[in-house]
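The chains referred to below are lettered A, B, ... by the order of the sequence lines, with proteins before strands, and numbering in each begins at 1.
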Amino acid sequence: MHSMIAALTQLLEQALLQQIHDRYGVSYERLSFSVPPRIELGELALPVAFDLARKVKRAPAEIARELAQEAARIPGVWKVEVAGGGYLNFRLDRLGLTLKLADSIDRKLHGLVTGAASSGKVIVEHTNINPNKAAHIGHLRNAVLGDSFVRCLRFLGHEVEVQNYLDNTGVQVADVVVGLEQMERLTLRQVAALEGKFDYYCWDVYARVADFYRQTEANQQHRSRTLQAIEAGNNPTAELAEHVAMRIARAHLATMARINVHYDLLPRESEILHLHFWEKAFELLKARGAIYFVEDGKNRGCWVMKTGERPECEEEAARQELEDDEKIIVRSDGTVTYVGKDIAYQLWKFGLLGLDFFYRPFDSGAGGEVWVTTTERTQGLETPHFGAGRRVYNVIDSRQAYLQSIVLQGLRALGFEEEACNSVHFSYEMVALTPACAMELGFELSEEDSKRTFVLVAGRKGLGVKADDLLDTLLEKALQEVKTRHDLSGEDANAIARVIAVGALRYFMLRFARNTVIAFDFKEALNFEGETGPYVQYAIVRANNIFRKLEEAGENGRFHWRDVEQQSLRAFLAENDDIWELIYQAARLPDVVRQVAQTLELSQVGKFAFHLAQKFNLFYHNYHILSEADASRKKNLLLVVDIVRRQLEKSLELLGCEVPQKM
RNA sequence: GCGCCUGUAGCUCAGCUGGACUAGAGCGUCGGUCUCCGGAACCGAAGGUCGCAGGUUCGAACCCUGCCAGGCGUACCA
């Protein structure tokens with residue numbers, strides 16, 4: 001799938017490459033177009049004449065003029081001009097592009113051109129919250145990035161499978177189980193009877209376990225013992241762990257459903273173990289010599305993988321370094337680390353393990369169809385085919401870059417070079433708190449910390465903003481705003497407030513580049529003005545109001561873009577650069593999304609929507625549409641509004657935001 | 001120590017593979033726009049030696065080197 005604009009650019013490139021070759025005998029691989037500083041100068045610019053000038057020893061402006069003459073005949077091109085001493089500026093056929101775009105929008109393509117087939121299933125793994133406590137704002141960033149990325153890939157025509165991996169047998173779940181069993185002295189039955197928000201309850205338990213471990217050596221030993229019991233299964237501790245993990249997982253799904261995030265499959269770590277995924281991977285790794293057993297030294301009794309690029313470390317002097325370059329895959333107590341299990345999981349994702357899970361639908365209580373892995377086949381149940389992806393994206397914060405590289409090293413060691421290349425660590429920075437925010441939450445900071453620009457969220461300390469709390473606060477604020485403007489029933493007001501709150505939250509999480517640390521601040525996150533989701537929503541609501549009024553005005557008020565008079569529209573577009581710019585920007589949506597698929601910078605979609613909304617608001621201010629006396633001009637204006645609102649709506653949809661009826 | 005990332009307006013951030021210019025937004029500040037399709041909006045002003053110093057290039061916020069400052073990682077946590 002490529003876009004209208006990309007298709008046109010390609011056509012232009014082909015024609016020019018041919019022309020340059022014929023005329024000057026120079027062969028380029030490709031031409032790199034840029035964007036002129038102002039729309040009046042055109043939509044595409046090409047500085048190739050500067051380079052040609054050196055090669056054929058002639059003036060760049062002269063060469064540019066020669067190229068311009070023929071290029072003007074390319075279909076879709078309106079005019080070609082020479083500027084800036086040798087730039088070729090291309091001005092596109094405004095009417096043609098506008099009509100094409102309107103038609104494309106009607107067919108729900110929004111500027112895309114159907115073309116190349118999808119290149120196989122893409123698996124996106126995101127969210128992956130340890131199921132041992134409530135989700136916090138850092139998890140929201142992960143889920144919003146992942147979910148929006150999935151929406152973009154689907155828009156581009158990819159088949160996408162969304163997986164939310166549940167680390168239900170890991171250390172973090174074990175810690176909470178220790179807290180419940182040893183600290184709180186609760187049985188499974190008692191835990192199951194606990195009322196209220198269980199994820200919040202566990203948040204506090206988890207925060208206190210660290211202290212519990214510090215108290216005595218015996219307390220500390222509960223961790224390893226519990227972890228082993230969980231891995232072994234068939235014992236009360238394992239059952240409690242199962243209860244905790246799945247109950248928390250449900251809570252996470254409910255939280256994510258609030259912000260329009262859903263999944264296809266919940267692969268569980270316990271199945272990786274019980275279905276012997278890990279054993280199989282372990283055998284493969286051993287057979288290939290990718291990991292080895294350590295007899296001596298600090299890593300004694302562990303199976304490790306060598307990291308770093310010095311396989312032949314020499315003599316005793318290097319012994320220390322060698323140990324530093326060993327990543328433990330199997331601990332000395334026989335349990336497997338996360339990385340080990342992740343290698344097995346990654347192999348399965350590509351269909352390389354020769355094993356598969358069993359599946360059953362998962363009742364998340366949060367709507368949407370989601371499946372979970374199980375250890376046994378369910379009789380008579382037809383299950384979708386999961387896994388066996390062609391390309392895999394793991395949305396994981398940048399602190400895990402090292403672990404991710406080890407997983408890839410594992411794949412490579414097993415000879416799966418191509419799959420390693422198709423494994424992408426979708427890395428992003430964490431959400432931290434401003435010191436002011438941490439203090440607002442009631443945390444005492446050291447003098448050192450209070451001087452920092454941000455402090456890290458720390459689940460172990462219970463320091464963080466819970467996702468549901470943030471959402472509740474946003475909802476409340478949005479509701480206030482709605483109520484000051486409209487007299488609505490509670491239900492209607494709530495529905496609108498929810499859409500606005502989610503729009504604000506998701507936009508906020510996507511505003512920043514991936515590798516920017518978000519220093520969370522309530523004032524900023526709760527803002528509904530300026531560069532925010534509600535700003536974009538408001539622009540669309542305004543546009544929708546125009547059409548609503550039009551319909552209210554009667555049958556003659558109905559509008560369809562095919563009703564525009566082409567001659568009138570042609571002149572209108574030629575005369576008004578500001579309007580043409582609005583449409584051209586709107587047409588760029590698929591180009592932005594294609595770029596996002598490569599750079600993984602979702603913020604670009606947000607920026608696109610915001611800038612387009614800004615331009616629209618200016619247009620809205622400058623042009624009166626409903627009161628326009630000239631009928632054909634009015635239709636032209638309506639066409640502009642229609643195109644822009646539909647592209648804006650689509651870009652919000654890609655960001656997982658909806659549009660309220662009114663606001 | 002080593003590895004990765006970051007340093008742009010008072011604050012929070014953009015700036016695509018180096019390119020047309022006066023380096024852009026939002027917030028905040030100050031001043032305007034309500035007989036209008038809703039002001040969650042629009043317009044204007046003030047505010048920057050793009051951390052510092054070299055280098056490459058016709059051209060550098062962007063590429064290279066060094067330095068300074070900060071963050072993260074380098075766990076038998078993930």
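- Summarising the geometry, the separation between CG on A:Asn622 and P on B:rC42 is reported as 11 Å, rounded to the nearest angstrom.
- Atom name C1', nucleotides B:rU8 and B:rC13: the rounded distance is 9 Å, in whole Å.
- Across B:rC67 and B:rA41, the matching C1' atoms stand 48 Å from one another, rounded to whole Å.
- The side chain of A:Leu626 sits closest to B:rC37 out of B:rA78, B:rC37, B:rA40.
- Ring-plane geometry between A:Phe522 and A:Phe520 is classed as perpendicular, the angle between the planes exceeding 60 degrees on a 0 to 90 degree scale with a lower cut at 30.
- Taking side-chain N and O atoms only, A:Tyr535 has a distance below 4.0 Å to OP1 or OP2 of B:rC42.
- Nearest to the side chain of A:Gln614, among B:rA25, B:rC27, B:rA40, sits B:rA25.
- Atom name P, nucleotides B:rC37 and B:rG32: the rounded distance is 25 Å, in whole Å.
- The aromatic rings of A:Tyr345 and A:Tyr165 sit parallel to each other, their planes meeting at less than 30°, with 60° as the upper class boundary.
- Across all strands shown, the partner of B:rC13 is B:rG24, judged by Watson-Crick or G-U wobble contacts whose two distances both fall under 3.5 Å.
- Whole-Å rounding puts the A:Glu481 CD to B:rA41 P distance at 10 Å.
- Rounded to whole Å, the separation between the C1' atoms of B:rC50 and B:rG7 comes to 10 Å.
- Proximity of A:Arg485 to the phosphate of B:rA40: a side-chain N or O atom is located under 4.0 Å from OP1 or OP2.
- Between A:Leu602 atom CG and B:rA14 atom P there is a gap of 14 Å when expressed in whole angstrom units.
- Although no hydrogens or angles enter the test, the distance criterion places a donor-acceptor pair under 3.5 Å between the side chain of A:Lys477 and the main chain of A:Leu526.
- Side chain A:Asn89 to base B:rA20: a donor-acceptor pair is found below 3.5 Å.
- Here the P atom of nucleotide B:rC72 and the CZ atom of A:Phe454 are 6 Å apart, to the nearest Å.
- Across all strands, A:Leu41 comes closer than 4.0 Å to no nucleic acid atom at all (heavy-atom distances).
- Stacking of A:Phe610 onto the six-membered ring of B:rA25 is not present when judged by under 5.5 angstrom between centres and under 30° between planes.
- Regarding contacts with the backbone of B:rG39, a side-chain N or O of A:Arg542 is found under 4.0 angstrom from either OP1 or OP2.
- Ranked by how close their nearest RNA chain B nucleotide is to the 5' end, A:Leu46 and A:His486 are led by A:Leu46.
- If you check every strand for non-hydrogen atoms under 4.0 Å, A:Phe512 touches sugar and phosphate atoms only.
- Using a 4.0 Å heavy-atom distance criterion, A:Arg514 is classed as making no nucleic acid contact.
- Here B:rC58 sits opposite B:rG19 as a Watson-Crick or G-U wobble pair (both hydrogen-bonding atom distances under 3.5 Å).
- Closest to the A:His621 side chain, of the nucleotides B:rC42, B:rG71, B:rA40, is B:rC42.
- The residue A:Asn515 sits close only to the backbone: its heavy atoms come under 4.0 Å of sugar-phosphate atoms, none of a base.
- At least one side-chain heavy atom of A:Val605 sits under 4.5 Å from a side-chain heavy atom of A:Cys152.
- To the nearest whole angstrom, the two C1' atoms, one in B:rG10 and one in B:rU29, are 9 Å apart.
- Note on A:Glu43 versus A:Arg588: no salt bridge recorded, every NZ/NE/NH1/NH2 to OD/OE distance being 4.0 Å or above.
- Among the protein residues, A:Thr516 comes within range of the sugar-phosphate backbone only, with heavy atoms under 4.0 Å from sugar or phosphate atoms but none that close to a base.
- As judged by a 4.0 angstrom heavy-atom cut-off over every strand, A:Gln537 is placed among residues making no nucleic acid contact.
- Sequence order on RNA chain B of the closest nucleotides to A:Thr532 and A:Leu88 puts A:Leu88 first from the 5' end.
- Base pairing of B:rG1 is made with B:rU74, judged by Watson-Crick or G-U wobble geometry with both donor-acceptor distances under 3.5 Å.
- Side-chain contact check for A:Val209 versus A:Val176: every heavy-atom pair is 4.5 Å or farther apart.
- Between the P atom of B:rU17 and the CD atom of A:Glu601 lies a distance of 10 Å, rounded to the nearest Å.
- Between the base of B:rC76 and the side chain of A:Ser332 there is a donor-acceptor pair shorter than 3.5 Å.
- Nucleic acid contact for A:Lys662: base, since at least one base atom lies under 4.0 Å from a heavy atom of the residue.
- Contact annotation for A:Ala513: backbone-only contact, meaning every heavy-atom pair under 4.0 Å involves sugar-phosphate atoms and none involves a base.
- Residue A:Tyr338 places no side-chain N or O under 4.0 Å from the OP1 or OP2 atom of B:rA78.
- A gap of 14 Å separates the P atoms of B:rA20 and B:rC62, to the nearest Å.
- Across all strands shown, B:rU65 forms a Watson-Crick or G-U wobble pair, both distances under 3.5 Å, with B:rA53.
- For A:Pro36, the listed nucleotide lying nearest its side chain is B:rA20; candidates were B:rG73, B:rA20, B:rC76.
- A:Leu403 comes within 4.0 angstrom of a nucleotide base, judged by non-hydrogen atoms across all strands.
- When heavy atoms are screened at a 4.0 angstrom cut-off, A:Tyr620 is found touching base atoms of the nucleic acid.
- Residue A:Ile546 places its side chain closer to B:rC37 than to any other of B:rC37, B:rA78, B:rA40.
- Side-chain proximity of A:Gln400 to the nucleotides B:rA20, B:rA78, B:rA40 is greatest for B:rA78.
- Partner of A:Val536 under the side-chain contact (heavy atoms from CB on, under 4.5 Å) criterion, out of A:Val541, A:Leu612, A:Asn617, A:Leu652: A:Leu652 alone.
- Among the atoms of the strands shown, base atoms are found under 4.0 Å from some heavy atom of A:Ile625.
- Between the CZ atom of A:Phe528 and the P atom of B:rC27 there is a distance of 15 Å, rounded to whole Å.
- In this structure, A:Leu526 atom CG and B:rC27 atom C1' are separated by 14 Å, rounded to whole Å.
- Nucleotides B:rA45 and B:rU22 have their C1' atoms positioned 16 Å apart, rounded to a whole Å.
- Counting only distance, with no hydrogens or angles, the side chain of A:His486 and the backbone of A:Ala493 share no donor-acceptor pair below 3.5 Å.
- Closest to the side chain of A:Tyr538, from the set B:rG39, B:rA78, B:rG71, is B:rG39.
- The gap from the P atom of B:rG28 to that of B:rC43 amounts to 16 Å, rounded to the nearest Å.
- Nucleic acid contact class of A:Gln595 (heavy atoms, under 4.0 Å, all strands): base.
- A:Asn128 comes within contact range of no nucleotide atom at all, as no heavy-atom separation falls under 4.0 Å.
- Going from atom CE of A:Met430 over to atom C1' of B:rC4 covers 12 Å, rounded to whole Å.
- A:Glu524 comes within contact range of the sugar-phosphate backbone alone, with a heavy-atom separation under 4.0 Å but no base atom that close.
- Considering only side-chain N and O atoms, A:Arg511 lies nowhere under 4.0 angstrom from the phosphate OP1 or OP2 of B:rG26.
- Heavy-atom minimum distance, A:Pro131 versus A:Ala249: CB-N, 4.4 Å.
- For the salt bridge (charged side-chain N to carboxylate O under 4.0 Å, His left out) with A:Glu628, the qualifying choice from A:Lys634, A:Arg633, A:Lys635 is A:Arg633, the only one to do so.
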